Amino acid sequence: MNSYTDDFSILNFQRDLVDWYKMNQRDLPWRADQDPYKVWVSEIMLQQTRVDTVIPYFNRFLSLFPTLEALAEADEEKVLKAWEGLGYYSRVRNLQTAVKEVAEQYGGRVPDTPEEISKLKGVGPYTAGAILSIAYGVPEPAVDGNVMRVLSRILLIEEDIGKAKSRTLFEKAVRELISKEDPSSFNQALMELGALICTPKSPACLTCPVHEHCRAFEQGRQRELPVKEKKTKVRHVDIAALILWREDGKYLIHKRPKEGLLANLWEFPNVPVKKRGQSEIEDLKVFLEAEWGISAEIGDHISNLDHVFSHLKWDIQLFEGRCIYEIGDKDDLKWVTFEEMEAYPFPVSHQKIIKLAKEVAVL
DNA sequence: GAAACGTGGTT
DNA sequence: TAACCAAGTTT
């Protein structure tokens, strides 16, 4: 055959892993029941996001949108507001799109087959397997970063887990290993083990419930795995941003485009700066005039701030300015008070600006 | 297949 | 501090 599970004691491994999980699993809010909608929401939130970060978001989200129907009918602005600060905002817009699809096409019942569930927006191979196994007990692999790390050690798999292709290899391994009696516990156990014991830097092998099955541990090579190539540095982008105010105590905010970075979130007026130096104020004025028909008197430089994303870094020079003249109304522009601002979803980068704007306003 | 897509905690 | 990491998916 020549598979990674040749000469591997599958049944004993399953037993040791699942027994440990049942005794040691964390008490997490999405484990209270197996409601497919809640499992779904939790899985989307947990993508690339820590459990501790997700817990309060999950509880708030479920109190705001307790059912699939409630989320399907909700205003997108409210949904984004509930996601504010969690990051990867397309996750929740895709989730709402998918939930509407389920409400309309499946009578509100989350599909329970790989073929159907995988068609839903935002449901990739991992999430499909997670929902199917956890909510429905279907023995499908749910291969995330934890699973690849854990199995790379246990089975001594030296494939680069950074490559998209290697995921299918791990899925193949899981199909051979997974407990048919309790796929839910098996999949979650693998992830729980990765989160609590088989951690990236210094795995706690001595307390690991399955170290007797671990080929890397046997050879003392657990710290060499998984193999993962390093990423390149993030790109720096210079931006000039503006706290633009009016005599009536309102500030100008702008809704970002429906695609791309921070899609549909709100922000303060800003422009990319071509050459760092003295042109920032002019860049802002030209932009306001040309794009929105606004003329402004730009005043003090407030401060410099930076914000790091996964793939780039904003270096923001923040100014303050007074609106002199404006024409017409636009859907993506709003003049609001600080109080009204609280209803709008802002990315963290612009939450920092709000904070500074409030301090400046006091003066 | 590589890059885009957020944020906060850890090392 | 900079790099790395966390229950990935879409384009």
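Just so it is clear: chains get the letters A, B, ... in the order the sequence lines come, proteins before strands, and each one is counted from 1. Predicted model only: the values in this text are computed from it and were never measured.
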| query | If we take the P atom in both C:dA2 and B:dC5, what is their distance in whole Å? | reply | 23 Å
| said: Given the structure, check if the side chain of A:Thr49 and the base of B:dG6 hold any donor-acceptor pair shorter than 3.5 Å. | reply: yes
| said: Taking 4.0 Å as the cut-off, does a side-chain nitrogen or oxygen of A:Thr127 come that near to OP1 or OP2 on C:dT9? | reply: yes
| task | Report yes if a side-chain nitrogen or oxygen of A:Arg91 is closer than 4.0 Å to either non-bridging phosphate oxygen (OP1 or OP2) of C:dT10; otherwise report no. | result | no
| message | Closest-nucleotide mapping onto DNA chain B: is A:Leu262 or A:Ala164 further toward the 5' terminus? I mean the 5' end. | response | A:Ala164
| task | Give a yes or no on whether the ring-centroid distance for A:Tyr251 and A:Trp335 is below 6.0 angstrom. | result | no
| Taking the inter-plane angle between the rings of A:Phe319 and A:His301 on a 0 to 90° scale, is it parallel (under 30°), tilted (30 to 60°) or perpendicular (over 60°)? | perpendicular
| said: Please tell me if A:His311 has a side-chain N or O lying less than 4.0 Å from either OP1 or OP2 of B:dC5. | reply: yes
| request: Kindly say if A:Tyr89 contacts the phosphate of B:dT7, meaning a side-chain N or O under 4.0 Å from OP1 or OP2. | output: yes
| field | Earlier contact from the 5' end, DNA chain C, for A:Gly122 and A:Val51 | value | A:Val51
| request: Please figure out whether A:Leu265 or A:Glu229 has its closest DNA chain B nucleotide nearer the 5' end. | output: A:Glu229
| said: Could you tell me how far C:dC5 sits from B:dG6 if I compare only their C1' atoms? Round to whole Å. | reply: 14 Å
| field | Test item: A:Arg31 and A:Arg26 side chains (from C-beta on) under 4.5 Å apart, heavy atoms | value | yes
| said: Suppose you measure atom P in C:dC4 against the same atom in B:dA3; what distance do you get, rounded to whole Å? | reply: 15 Å
| query | Can A:Arg60 be said to sit on top of A:Tyr57's aromatic six-ring, NZ or CZ under 6.0 Å from centre and within 45° of the ring axis? | reply | yes
| task | Give one of base, sugar-phosphate or nothing for A:Arg149, where a contact means two heavy atoms less than 4.0 Å apart. | result | sugar-phosphate
| No-H, no-angle donor-acceptor pair, A:Tyr126 side chain to C:dG8 base, under 3.5 Å | no
What does the list of N/O pairs under 3.5 Å between the protein and nucleotides 8-11 of chain B look like, with a distance for each?
{"from": "B:dG8", "atom 1": "N2", "to": "A:Arg50", "atom 2": "NH1", "distance (Å)": "2.3"}

| query | Which nucleotide, B:dA4, C:dA6, B:dG6, lies nearest any side-chain atom of A:Arg235? | reply | B:dA4
| task | Using the six-membered ring wherever Trp is involved, compare the ring planes of A:Phe8 and A:His213 and label them parallel, tilted or perpendicular (cut-offs 30° and 60°). | result | tilted
| query | Closest nucleotide of DNA chain C for A:Leu120 versus for A:Ala195: which of these residues is on the 5' side? | reply | A:Ala195
| query | Taking 4.0 angstrom as the limit, do A:Asp182 and A:Lys22 come out as a salt bridge? | reply | yes
| Relative to each other, are the rings of A:His254 and A:Trp292 parallel, tilted or perpendicular (30° and 60° limits)? | tilted
